[in-house]
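Here the structure is laid out as structure tokens; the discussion comes afterwards.
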Amino acid sequence: MLPVPDTLHRRKSYLNPPPDSISSATTLQNHKVMTFPSPLLYIHILLLLHAPPFLAAAGGSWSLLLPSIGISAMHMQLLPTDRVVIYDRTDFGASNISLPDGKCRPNSTDCSAHSVEYNVASNSVRPLMVLTDVWCSSGTLMPDGSLVQTGGWNEGDHVVRVYKSCDHCDWEEIPSGLSQQRWYATNHILPDGRQIIVGGRQSFNYEFYPKMSATENAPSLPFLVQTTEPDIENNLYPFVFLNTDGNFFIYANNRAILFDYVRNQVVKTYPTIPGGDPRNYPSTGSAVLLPMRIVQGKVATVEVLICGGAPKAAYNNANRGKFDGALDSCGRIKISDPYPQWVMETMPLARVMGDMLLLPNGNVLIINGGAAGVAGWELGRDPVLSPLIYGPDCPIGSRFEIQNPNTIPRMYHSTAVLLRDGRVLVGGSNPHDKYEFSDVLYPTELSLEAFSPAYLDPTSSGLRPQLVSPKTRTKVHHGQRMNIWFKVSCPVDPNLVSITMVAPPFNTHSFSMNQRLLILEGGNTTTIIGKSHYKVSVTAPSSGNIAPAGNYILFVVHQDIPSEGVWVRIQ
């Protein structure tokens, strides 16, 4: 664990340890007791203690929340009710949780649920009924707090589904809500509150929901044709981020464009990522829009980080039984620069099918996945059990830190989302086209875990802020001045306080759609208003291009330790 935040920066390194060194270091961290059954082990431990810093640096802890939620968590979305919608697919047999009151899906003998709502507060699940197949679909949390989910497989590929959270709510389905089939597409909220749906298998176009008119079409996007590889694709679930100029950064396969969706024009073409290896499904890496700092109402620098994936030949090789090692590289690019270039970094652990999540303090968590193969049925190998923390503001070469491992492989079809209390909810893993619980390499996983980053360690409780005001569900307008009241038991350094807002993303297939973190302007104006009580004045994001209208989680961060968040709605 990390006793003080600056320890984190002193213990990072980019060098690659041998795998046995990682497990040995983790064992020492977990058990705290060292025994020396042989001189060889004694020498090994001495080497570890004098090794590069990240070898001995392990943080975070794991807890099993539920041994089974009845389904495999292929898709997850946190809602402003502090409940999480989870679903898998409807076409691979009965799940392990029944629909309530003896219900069955219409025209089906399947009386099991393929979607559940997880209640964070009560640590319980409630089964939901989804009618059409949601496999490999996409979605967006809308400004009113509802999840609008689009597409899927077979009869579900043109369907729009809406879920509004309440004690008795269930899915509502709009059979022909989409003009094109959407399978492996990516969604993103727009500044006007609608959503854009980009791509999908054999869908080289984009469309919007809700429609402005019944005749609204799906404009073509040739970039998706240009990035498709025959029989492999490698451009599904494209990485899509809203830039602060109102255009979209779209990354597919190994290259990216800046796209004006209003005029259907490519504004900028970015360089191919060095090495040219694919980063999208099925050679699945992950990506985040790095935290954006607002100064005088603007964001000066907008950066994207893409990590992991698989080499060019990995998909074909995996189908022949040869599992290539995953990529250990990350590419970072300032998409706001006039002449942007990729800066490459090396992760201490190679990873395919990993998830990248923005933590409240601005660090990036890289979690789940494997060390070989690609995404797809039976095509991944060698689970990577240890998450990584990436510090964007640390010097290059010292940005990565290995975290304590879990014990459950989270391979193809695994998920992760940030919760309001700062934990990360982790579920899923089903590399099979049915539920398979025995006689397979990686059984279907129905459990739900929580990863608690090091900032939740009890030794940091004295530094942890507690938000007093605003209360949760507060509404604010773009550009509005807000007063934030909080308390901290230990003395506060006003220069080490920041206010962050995180948009809760829709997570599936190693990509978190709509994910963004904003560092609000005014975080260095902290003043003392009483014993252990403080106030800071900040300004809400100035426009929908910086922060689309909708629900965000607001955190006070002190010395890299975040408070529990509160929901705020920008309108």
Side-chain angles (χ1 to χ4, degrees), residues 14 186 188 191 196 198-199 206 221-224 226-227 234-235 237-280 283 285-309 312 327-347 356 358 362-364 366 390-400 511-519 541 543 545-548:
Y14 69 96
T186 297
H188 204 295
I196 187 172
V198 180
Y206 61 97
L221 185 54
F223 174 69
L224 296 176
Q226 297 159 10
T227 53
N234 271 334
N235 69 344
Y237 281 124
F239 304 143
V240 178
F241 299 107
L242 178 65
N243 192 19
T244 55
D245 63 2
N247 297 313
F248 276 102
F249 175 87
I250 303 176
Y251 184 100
N253 197 327
N254 55 16
R255 50 205 141 121
I257 57 172
L258 190 63
F259 185 67
D260 182 338
Y261 65 91
V262 176
R263 297 178 176 82
N264 191 27
Q265 293 179 352
V266 175
V267 177
K268 182 184 295 185
T269 299
Y270 294 93
T272 299
I273 196 167
D277 288 311
R279 307 286 178 153
N280 296 87
S283 300
S286 191
V288 292
L289 186 69
L290 288 175
M292 295 185 291
R293 184 176 296 277
I294 303 173
V295 178
Q296 297 182 349
K298 299 180 180 179
V299 177
T301 301
V302 182
E303 290 186 89
V304 168
L305 177 71
I306 298 174
C307 290
K312 293 177 183 177
L327 300 176
D328 64 359
S329 60
C330 295
R332 182 166 167 171
I333 189 168
K334 295 181 180 179
I335 68 173
S336 53
D337 273 12
Y339 304 101
Q341 297 294 323
W342 291 97
V343 175
M344 302 305 292
E345 301 179 62
T346 301
M347 295 187 291
M356 295 174 68
L358 295 168
N363 286 339
V364 180
I366 307 174
Y390 176 88
D393 295 332
C394 296
I396 190 168
S398 59
R399 290 175 174 161
F400 291 99
F511 185 53
S512 290
M513 305 173 192
N514 294 293
Q515 185 172 217
R516 66 205 291 121
L517 184 150
L518 303 161
I519 304 170
S543 74
N545 289 344
I546 296 175

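Note that the coordinates shown come from a computational prediction; the quantities given were computed from them, not determined experimentally. Here, residue 1 is the first one in the sequence, and each next residue gets the next number.
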(request) Please say whether more than 12 non-hydrogen atoms of neighbouring residues, nucleotides or ligands are located less than 6.0 Å from CZ in Arg293. (result)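 Atom CZ in Arg293 is not crowded, with 12 or fewer foreign heavy atoms closer than 6.0 Å.
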
(message) I'd like to know whether the aromatic ring centres of His188 and Phe248 sit less than 6.0 Å apart in this structure.
(response)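 Between His188 and Phe248, the centre distance is under 6.0 Å.
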
Let me confirm one number: the [atom1]-[atom2] distance from [X] to [Y], rounded to the nearest 0.5 Å.
{"X": "Gln515", "Y": "Leu289", "atom1": "CD", "atom2": "CG", "result": "9.0 Å"}
{"X": "Phe400", "Y": "Cys330", "atom1": "CZ", "atom2": "SG", "result": "4.0 Å"}
{"X": "Phe239", "Y": "Met356", "atom1": "CZ", "atom2": "CE", "result": "8.5 Å"}
{"X": "Thr186", "Y": "Tyr237", "atom1": "OG1", "atom2": "OH", "result": "7.5 Å"}
{"X": "Ser329", "Y": "Met344", "atom1": "OG", "atom2": "CE", "result": "4.0 Å"}
{"X": "Ser512", "Y": "Leu358", "atom1": "OG", "atom2": "CG", "result": "8.5 Å"}

Would you say the side chain of [Y] lies within less than 4.5 Å of the side chain of [X], judging by non-hydrogen atoms?
{"X": "Ile306", "Y": "Tyr251", "answer": "yes"}
{"X": "Asp245", "Y": "Asn545", "answer": "no"}
{"X": "Arg516", "Y": "Leu242", "answer": "yes"}
{"X": "Val343", "Y": "Lys334", "answer": "no"}
{"X": "Ile250", "Y": "Leu221", "answer": "yes"}
{"X": "Pro340", "Y": "Ile335", "answer": "no"}
{"X": "Leu258", "Y": "Tyr270", "answer": "yes"}
{"X": "Pro541", "Y": "Ile294", "answer": "yes"}

Minimum-distance pair of heavy atoms, taken over all atoms of [X] and [Y]:
{"X": "Pro291", "Y": "Pro392", "value": "CD-CG, 4.4 Å"}
{"X": "Met347", "Y": "Cys307", "value": "SD-CB, 4.0 Å"}
{"X": "Ile273", "Y": "Gly331", "value": "CD1-CA, 4.2 Å"}
{"X": "Gln226", "Y": "Arg255", "value": "O-NH2, 2.9 Å"}
{"X": "Phe511", "Y": "Ala287", "value": "CE1-O, 3.7 Å"}
{"X": "Ile546", "Y": "Met292", "value": "O-CE, 4.1 Å"}

Any donor-acceptor pair under 3.5 Å from [X] side chain to [Y] backbone:
{"X": "Ser283", "Y": "Asn280", "result": "no"}
{"X": "Arg279", "Y": "Gly309", "result": "no"}
{"X": "Asn243", "Y": "Gly246", "result": "no"}

(message) With side-chain contact (heavy atoms from CB on, under 4.5 Å) as the test, pick out the partner of Pro238 among Asn253, Thr227, Val198.
(response)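 Only match with Pro238 under side-chain contact (heavy atoms from CB on, under 4.5 Å): Val198.
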
(message) Could you tell me if Asn254 and Thr272 have a donor-acceptor pair between their side chains, going purely by distance under 3.5 Å?
(response)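 Short answer, no.
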
(request) In sequence, state the C-alpha distance, the side-chain angles, and the governing distance for Tyr261 and Ile196, and then conclude on side-chain contact (heavy atoms from CB on, under 4.5 Å). (result) CA-CA 9 Å; Tyr261 65 91; Ile196 187 172; 4.0 Å; yes

(request) Kindly write out the residues that satisfy side-chain hydrogen bond (donor to acceptor under 3.5 Å, both in side chains) with Tyr206, not counting sequence neighbours, or none if the list is empty. (result)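 If we apply the side-chain hydrogen bond (donor to acceptor under 3.5 Å, both in side chains) test to Tyr206, skipping adjacent residues, the hits are Asn264.
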
